[in-house]
Number of protein chains: 4
Amino acid sequence: MIVVMSKDSGEKEIAAVVKRLEAAGLKGHLSKGMERTVIGVVGIASVLPDLRETLVLMPGVEDVVPISKPYKLASREFQPHDTVIKVGNVSIGGNEIVVMAGPCAVETEDQVISTARAVKAAGASILRGGAFKPSTSPYSFRGLGEEGLKILAKAKEETGLPLVTEVLTPADVELVVQYADILQVGARNMQNFTLLDEVGKTKKPVLLKRGMSATIQEWLLAVEYVLSQGNRQVILCERGIRTFETYTRNTLDISAIPSIHKLCHLPIIADPSHGTGRRELVAPLALAAVAAGADGLLIEVHPSPDTALKDGAQSLTFEHFEEFMAQLVPVAASVGRRVAGKGG
Amino acid sequence: MIVVMSKDSGEKEIAAVVKRLEAAGLKGHLSKGMERTVIGVVGIASVLPDLRETLVLMPGVEDVVPISKPYKLASREFQPHDTVIKVGNVSIGGNEIVVMAGPCAVETEDQVISTARAVKAAGASILRGGAFKPSTSPYSFRGLGEEGLKILAKAKEETGLPLVTEVLTPADVELVVQYADILQVGARNMQNFTLLDEVGKTKKPVLLKRGMSATIQEWLLAVEYVLSQGNRQVILCERGIRTFETYTRNTLDISAIPSIHKLCHLPIIADPSHGTGRRELVAPLALAAVAAGADGLLIEVHPSPDTALKDGAQSLTFEHFEEFMAQLVPVAASVGRRVAGKGG
Amino acid sequence: MIVVMSKDSGEKEIAAVVKRLEAAGLKGHLSKGMERTVIGVVGIASVLPDLRETLVLMPGVEDVVPISKPYKLASREFQPHDTVIKVGNVSIGGNEIVVMAGPCAVETEDQVISTARAVKAAGASILRGGAFKPSTSPYSFRGLGEEGLKILAKAKEETGLPLVTEVLTPADVELVVQYADILQVGARNMQNFTLLDEVGKTKKPVLLKRGMSATIQEWLLAVEYVLSQGNRQVILCERGIRTFETYTRNTLDISAIPSIHKLCHLPIIADPSHGTGRRELVAPLALAAVAAGADGLLIEVHPSPDTALKDGAQSLTFEHFEEFMAQLVPVAASVGRRVAGKGG
Amino acid sequence: MIVVMSKDSGEKEIAAVVKRLEAAGLKGHLSKGMERTVIGVVGIASVLPDLRETLVLMPGVEDVVPISKPYKLASREFQPHDTVIKVGNVSIGGNEIVVMAGPCAVETEDQVISTARAVKAAGASILRGGAFKPSTSPYSFRGLGEEGLKILAKAKEETGLPLVTEVLTPADVELVVQYADILQVGARNMQNFTLLDEVGKTKKPVLLKRGMSATIQEWLLAVEYVLSQGNRQVILCERGIRTFETYTRNTLDISAIPSIHKLCHLPIIADPSHGTGRRELVAPLALAAVAAGADGLLIEVHPSPDTALKDGAQSLTFEHFEEFMAQLVPVAASVGRRVAGKGG
């Protein structure tokens, strides 16, 4: 952290800042220029946003500039090599592209099992499906709850596909953990800190979606919540940010993929279904994500999207999905990777 | 809802859409133009986003346009007159401007009680203070918890000021309800639907902050969650939205105030402290909010902002707050209102 | 500017940075901390973005942090007292609130003259009206051109009101200068640098609207373009920024008003007509702007908004405008100001 | 266009709307539902935004919903097959991926010619370089002007590479046309309508960058400006939009690529250099753009980025560029395309 003193500050103000730093167990290094003095601060505590805000208010202080990252366990500096997360037979974050596919919401046993078979046949490695659904309107479908989890369990039994499913609230963690192989925390809950604490106390991998208006730094701080509770298995998922554009439901921020790889050692996947909200954009954006370095994909597939209870407009049919998986293989190969469920 | 058929759609596609609508218990009214056919749909269910998404996918359909509002209990059409919410001796949503003031976070008994006295003397009617604090970083201060609530209770006993305090997670609602006069749901929790359900089951007024990237419509749908559980006492709070501008912490959307008054019968207040993140902007934005029709203000006040554990940079000192309250009186009068705590 | 070296940088990298700075005529002051070295740089050139970008790329450099403002003539530091701009009999930036009103686009002589009389009677001090209109679609009305300017001139002759009108392109500056008392540069042209140069060479006051996605800093740099050409009479105009919200046409950033007053010595007015795009929001947002410190307002008024060729939805009728001006007087008084055209 | 009447509107209001439509040469088709009446409007004029705004204001009207696209010549409906644009030996919009590379700004003859040779050797087909540079600050480098164009001409003579270069203002079009093979209109000028008119009158292909805060529809309307002047050769260029994220300079909207292909028959390329502002993100985003269907790329290359006068932080060195071009070949092949300058 660097404290920049204003041009008209004097010895007294500088001494006060140095004293304040010492009170916080830190040390300030003065650098007097012709125009102004800057004070360099060292020590771990120097990253705390609250201290920064305090210093900004002191007389004679013009600005306080953070120079360290406020997250630690999530950073590449802390762990230079890639974290690879094992789920059943698949490894996320290694050489393979892992495709997680299935319906947005669990509706019926038929729907889920037929979808599970279809996506497995096409090369998906993990089954997705929501039993607890966040819904903007209180009058919309909110999921089948535990009944939905049981349906997912049957589909797993049938196909052997591990499950990723969302947990909405701390009180449900205990229940969902019994069914899920990966606990999903949705975009609206990225800063539900109590929920982050709870999934951080489990031993299950966590799929943490980026909040709709979260910066990359805030996202990594949310990851840090989970890691700091002892759970080191977090998979990040870029699912689009909110912008002024209305043609797409969200703007999928493909640049977040290589950015996360640079800053953080954990795997990152992309969700082009929510990221675009339009079925015809799912395949091109999924290919783009893999070309940019994504470690996997989360894709909505439904036996008949036009009768889906949730998000039909962005779901692929079985045929579309199969076609897409065939396109994916050469794109993955072109960046030196292979698709997990596509034998060879 | 209106279903717009594409130019090249034929009788078959139109019939299919009409049939689909009937299956959902709705009726479609055809209007054949020279260029294309549009199908008007009536009935309450016509507002459900899921049906809309289904229809968009049907062959021959170009667009589906919602024409009713998706919320009902919150709307002016449902209740044309203003809702006035009584808290202790004050009424929110009537002729008076209600000022809620206090520290961002409860730190010590001294801090809270001295602040409560100071803000009451200056004309505040409700004491604010957080015992459970959301924090972007897991390493920052997260509040004193129940101990903080007890400190607030003492301050209430001393000064008679009712309390507004945040509840972060459904499991804490039962506890917080015992202390709070108004339950605050923060911006990060605006779409924490489980929490909305829980506060909707209590009998306490709810202060619902707008999410950082929530549209006015999404905000009113979050209000609808609370109302639909039976709790009709919701106070909306505009606290700034996330934009590209970095000079201010958020962009306080003053236009949301008269917009909410037009669409909804519930009171709305503004939080210029979080809305700007800069102490020197708090007073001008607070005055602006009242000039635009706000029913109250939520303002951070701290005995010594430069040692505050949270949000010092945006907190007013006692002197600043007193000065501000003196400025507020004539501005409130200029739009035909009076400040609740300023006798006269 | 401060150059922050990375933890693992050594003497060689530091020496290279210092040498690079000297090549640019600057001096670097070293400050060696336990964790890393920072290099403070002084001198005017230190604000240039290009040098900053160069330094960021050098081996061992982790970040380069600007600490001076990149604009100078526009800054409060350069000129601490408020600039007051005289236009005819009115002063903009002094104690009076100056209201500029009139139609979005000049359509007919009748329309403009009747509007000019009505707004003058209600207390406006300056007539607005566009002869050259930017239009998103090539098929929409683009203004009457010089004929429109002549109509404005007649209205000025009739009423004595000075004129503010937009200039769209450098080649038109010479023409528009002959008619306008204030040259308006629109939001879409805020970074039309050639146009900024040209209006900077005239002696007419310039009304510079904020670009739809311009930060406050970029806006002040656009102001700096005009000032650096020798024209020191710039009036800033906040007209709303683009955000994700769709209920309003733009989001009027009221916080920009006190922010500009803090950073810059020039007057700032608000345009609630474009800023909201909704007639019923114009009055509350105009009052809010004045409560927050605006020096004036730009308001669209039309004899019959429902037949207007441009922006009818956000224009006030004569009656609405008169009513609004009556509301404005006490609000201006409540913040210690008076409305220019309201005698007494 | 559909006019939605409010629930409480009566025959009189409906008749007035129908009459207003007829006055505009349009016809309204009534559809009376149980809840409300909707009026369908047909005819080309129905897309004009101004008429829509007028109708919104009429008594009894609740909403007016556009159902046709406001652009025509740019639309896929107008021309279903892809437009292919020939520049020298290359075709843009066909099977080949066309790479345009070179320095951000022309600085010296050496710089440009060495870069031209290097990028040609690596497989670029078109040379980019700016002689007229937009600059946020009036104190930054603004380009060499005609001298820069002459340097580009020499580089073309040396290497045979066609040139793409920016034109900033209508008065320069005549000059730039003499040197450029493709006229670039930058992001800040996307709504400089006078400039769009002028380049629309030339016979040179136009590279039209998306504005920083332009929606896809506004971008296509800007394209329509050029097309409606008679110039049918427009290449769209996605270069990132402004969002709240600050880690990247802009957010490259990869979803715009397949969206434009769906809505419009013209070619689209991507600019990952400006789109990210970070050198290490250029290659992954360029590969992503091609995987998503981009017809080409615009990439900044500089002999020594750390001494570049403009945008060094996002420029590739010759080595980086060569390495990138080698990566590009298999990715292009994986989506069934080949890179124009890479022989085979």
Side-chain angles (χ1 to χ4, degrees), chain A residues 20 44 47-50 52-58 70-72 132 134-142 168-172 188-197 200 211-213 217-218 221-222 224-229 241-242 277 279 305-315, chain B residues 20 44-45 47-50 52-58 70-72 132 134-142 168-172 188-197 200 211-213 217-218 221-222 224-229 241-242 279 305-315:
Chain A
R20 184 75 183 76
I44 291 180
V47 300
L48 297 183
D50 299 330
R52 192 189 155 199
E53 289 182 349
T54 296
L55 290 166
V56 163
L57 291 172
M58 295 187 71
Y71 48 87
K72 191 184 159 197
F132 297 96
S135 170
T136 306
S137 161
Y139 308 126
S140 288
F141 180 57
R142 296 174 69 178
L168 277 183
T169 194
D172 291 343
R188 288 177 187 79
N189 279 322
M190 194 202 83
Q191 293 195 319
N192 184 334
F193 303 115
T194 323
L195 182 60
L196 296 178
D197 283 345
M212 217 173 284
S213 61
Q217 178 165 306
E218 288 167 342
L221 280 164
E224 190 84 2
Y225 262 90
V226 181
L227 301 182
S228 66
Q229 290 290 346
I241 57 174
R242 181 155 276 187
R279 188 189 296 167
D306 53 332
T307 63
L309 293 180
K310 282 294 273 191
D311 289 343
Q314 67 200 30
S315 295
Chain B
R20 184 75 183 74
I44 291 181
V47 300
L48 296 183
D50 299 330
R52 191 188 156 200
E53 289 183 349
T54 296
L55 290 167
V56 163
L57 291 172
M58 295 188 69
Y71 47 88
K72 192 183 158 199
F132 296 96
S135 169
T136 306
S137 160
Y139 308 126
S140 288
F141 180 57
R142 296 173 70 178
L168 276 182
T169 194
D172 291 343
R188 288 177 186 80
N189 278 322
M190 193 203 84
Q191 293 195 318
N192 184 335
F193 303 116
T194 322
L195 181 60
L196 296 178
D197 283 346
M212 218 172 285
S213 61
Q217 179 165 305
E218 289 167 343
L221 280 163
E224 191 83 4
Y225 262 90
V226 180
L227 300 182
S228 66
Q229 290 290 345
I241 55 174
R242 181 156 275 189
R279 187 189 297 167
D306 52 332
T307 63
L309 292 178
K310 283 293 273 193
D311 289 344
Q314 68 199 31
S315 295

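Note that the structure is a prediction, hence the values are computed from the model and not measured. Residue numbers begin at 1 in each chain, while the letters A, B, ... track the order of the sequences. Below, each value reflects all heavy atoms present in this structure, side chains not excepted, and no hydrogens, waters or symmetry copies.
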Next item on the list: Decide yes or no for A/Tyr225 and B/Ser137: does some side-chain heavy atom of the first lie under 4.5 Å from some side-chain heavy atom of the second?
Entry: no

Notebook entry, point to check: Just by distance, do the side chain of B/Glu224 and the backbone of B/Lys72 share a donor-acceptor pair under 3.5 Å?
Noted result: yes

Notebook entry, point to check: With no hydrogens and no angle check, is any side-chain donor or acceptor of B/Asn192 less than 3.5 Å from a backbone partner on B/Leu195?
Noted result: yes

Notebook entry, point to check: Any idea which of A/Leu221, A/Asp197, A/Ile241 has the most non-hydrogen atom pairs under 4.5 angstrom with chain B?
Noted result: A/Leu221

Note to self: Under 4.5 Å from any heavy atom of chain B, what part of A/Pro305 do you find: side chain, backbone, both or neither?
What the structure shows: both

Checklist line | Max heavy-atom pair count under 4.5 Å with chain B, selected residue of A/Met212, A/Glu218, A/Gln217 | finding: A/Glu218

Notebook entry, point to check: Is chain A contacted by the side chain of B/Asp172, its backbone, both, or neither, given a heavy-atom distance below 4.5 Å?
Noted result: neither

Margin query: Using a 3.5 Å distance criterion without hydrogens, assess whether the side chain of B/Arg279 forms a donor-acceptor pair with backbone atoms of B/Gln314.
Written below: no

Notebook entry, point to check: Within the side chain of B/Arg242, is there an N or O that forms a donor-acceptor pair under 3.5 Å with the backbone of B/Ser213?
Noted result: no

Check: What residue in A/Thr194, A/Leu227, A/Asn189 has the most heavy-atom pairs under 4.5 Å with chain B?
Finding: A/Thr194

Next item on the list: Answer with side chain, backbone, both or neither: which region of B/Pro134 has an atom nearer than 4.5 Å to a non-hydrogen atom of chain A?
Entry: both

